[in-house]
Amino acid sequence: MIRNIGRDAIIVGGADAPVIEYNLALDLGHINRTGVADQRLIAGMFPFVSRNALFQYNEVGRIADLGPGQDGEAWDNDWGNTGTVTYQYNYSHDNAGGIILQQENTRTSWLVFRYNISQNDGAGTDLGARFLIDHAGVQAYNNTIYTTGKIQAYCQLGNPAIPCGSALNQNVFFWNNLFVGSEQNFDSVYSYDYNAFYGITGPYDAHKSNADPLLYAPGAGSDGWSSVLTAYRLRAGSPALETGTVVSYNGGKDFWGQTVSSSSPPNRGAFNGAGMTQAVSMASVRNDSQLSYTGSSWGVSSLRHVGDYKDDVHYATQNNDFFTFTFTGDGVDLVSETNSDQGDIDLYIDGVFDRTVSTYSATRVPQAHVYVKRGLSAGTHTIKGVKKSGTYMTVDAITVPAYWNDTDGNFLYSGSWG
């Protein structure tokens, strides 16, 4: 974790195929700026003079307002890069300079920006949640962009701005994205198709949707990559479900780790699962004898009155202590809490490492679904969670989805049903 510094968080230079993942950067550019002119050129995480860089499972939040015409984006394809720079499965929020910058002096063939979530980047500034694109070659698809303010995609060279040549506006594509905002500025020379725009009309897009996408709890994300796992899922009946266009080279999974087909239409936005409905019962299991706890530091905290499921949690304080739970189904959620004294957890399914999740947030968030796994083969599986950092790892509950078919007796149909 990188926090409360005056400059960029992570810069990778002179690297061949670097992978930058599972990093958290908050509150950049808030100190040590007085009298230092170039500290206004700040972005969260980016490569320069590198080839085929990959950034994934990272979070950047609250880069300071650096002044008119300055940077302050979460992500950046900087000068001298070659090959393809890819940003995927990242979460950015509350960054004054917007979402991403494509520098005019990069030499990449493509910037690929896919299955990311942006919440309130640029909100409260004239910059808004912006894609600042100063070089040709961008593929931005299946991202979920939510803001209470403006959404922008445009080219601007210099400060003050000078016109971009037509060559810089070529091969810029936006597909299957889900945009929610209140104002817009989309450069009409870019190509848009199968995007969803809500609260704004959007640019010309032959297959766009302006209907409510029925996000589960937009705007509810906080500090912590896992804080958006519930908020930006789609509800049943969403017009964004399975109405996107196929992108065959899509990386194979969404922000949640769910499979994305290379041949069937995906959802619009970063979530590619089924819509959440009342017909899905989450079979909650308390943190009791049905879970196994290994290690010497485990304890139980009851009657905390902070919103825990059944008002208790199990917790561990020693790194490498772990829990396991065996279940039958095709998916599982770990329900924990996020807080300033929480850290990272390594998750395994059937003994195979799946991913690391952060349970850090500035304030306490109880009953947080910090890990959501779907698409397992139907049958018996075991989840294992290993404490890796922070003062505490907490376990509040495990939930396993149980699906009811439309022919089950749980449904009562009234009227002229067929």
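- When only modelled atom types and interatomic distance are considered, Ser92 and Asp121 share a side-chain donor-acceptor pair under 3.5 Å.
- No option in Thr294, Asn320, Thr356, Asp344 other than Asn320 meets the side-chain contact (heavy atoms from CB on, under 4.5 Å) test with Val386.
- Gln56 and Tyr22 form no side-chain donor-acceptor contact under 3.5 Å, judged by distance and modelled atom types alone.
- A distance-only check finds a donor-acceptor pair linking the side chain of Gln119 to the backbone of Gly221 [under 3.5 Å].
- Checking each of Val247, Val246, Asn177, Thr245 against Tyr194 for a side-chain contact (heavy atoms from CB on, under 4.5 Å) leaves exactly one that passes, namely Thr245.
- A salt bridge does not link Lys387 to Asp321: none of the charged nitrogens lies less than 4.0 Å from a carboxylate oxygen.
- Under the side-chain contact (heavy atoms from CB on, under 4.5 Å) rule, Leu132 has a single partner from Gln103, Glu73, Gln102, Gln152, which is Glu73.
- For the pair Trp110 and Asn77, the minimum side-chain heavy-atom distance is 4.5 Å or more.
- Under 4.0 Å is where a charged nitrogen must lie from a carboxylate oxygen, and between Lys373 and Asp333 no such pair does.
- Side chains of Lys253 and Asn272: a donor-acceptor N/O pair is absent below 3.5 angstrom, by distance only.
- Counting heavy-atom neighbours within 6.0 Å of Phe327 CZ, excluding the residue itself, gives a total above 12.
- Dense packing is recorded around CZ of Arg355, with more than 12 heavy atoms of other residues, nucleotides or ligands lying under 6.0 Å away.
- Heavy atoms of other residues, nucleotides or ligands lying less than 6.0 angstrom from CD of Glu242 number 12 at most.
- Under the side-chain contact (heavy atoms from CB on, under 4.5 Å) test applied with Phe131, the options Tyr190, Phe174, Phe186, Tyr154 reduce to a single match, Phe174.
- Under 3.5 Å, the side chains of Ser109 and Thr84 contain no donor-acceptor pair of N or O atoms.
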For Lys384 and Asp346: C-alpha separation, side-chain torsions, deciding distance, then whether salt bridge (charged side-chain N to carboxylate O under 4.0 Å, His left out) applies. CA-CA 8 Å; Lys384 176 182 177 181; Asp346 283 353; over 6 Å; no
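- Checked by atom type, the side-chain pair Ser389/Asn319 shows no donor-acceptor distance below 3.5 Å.
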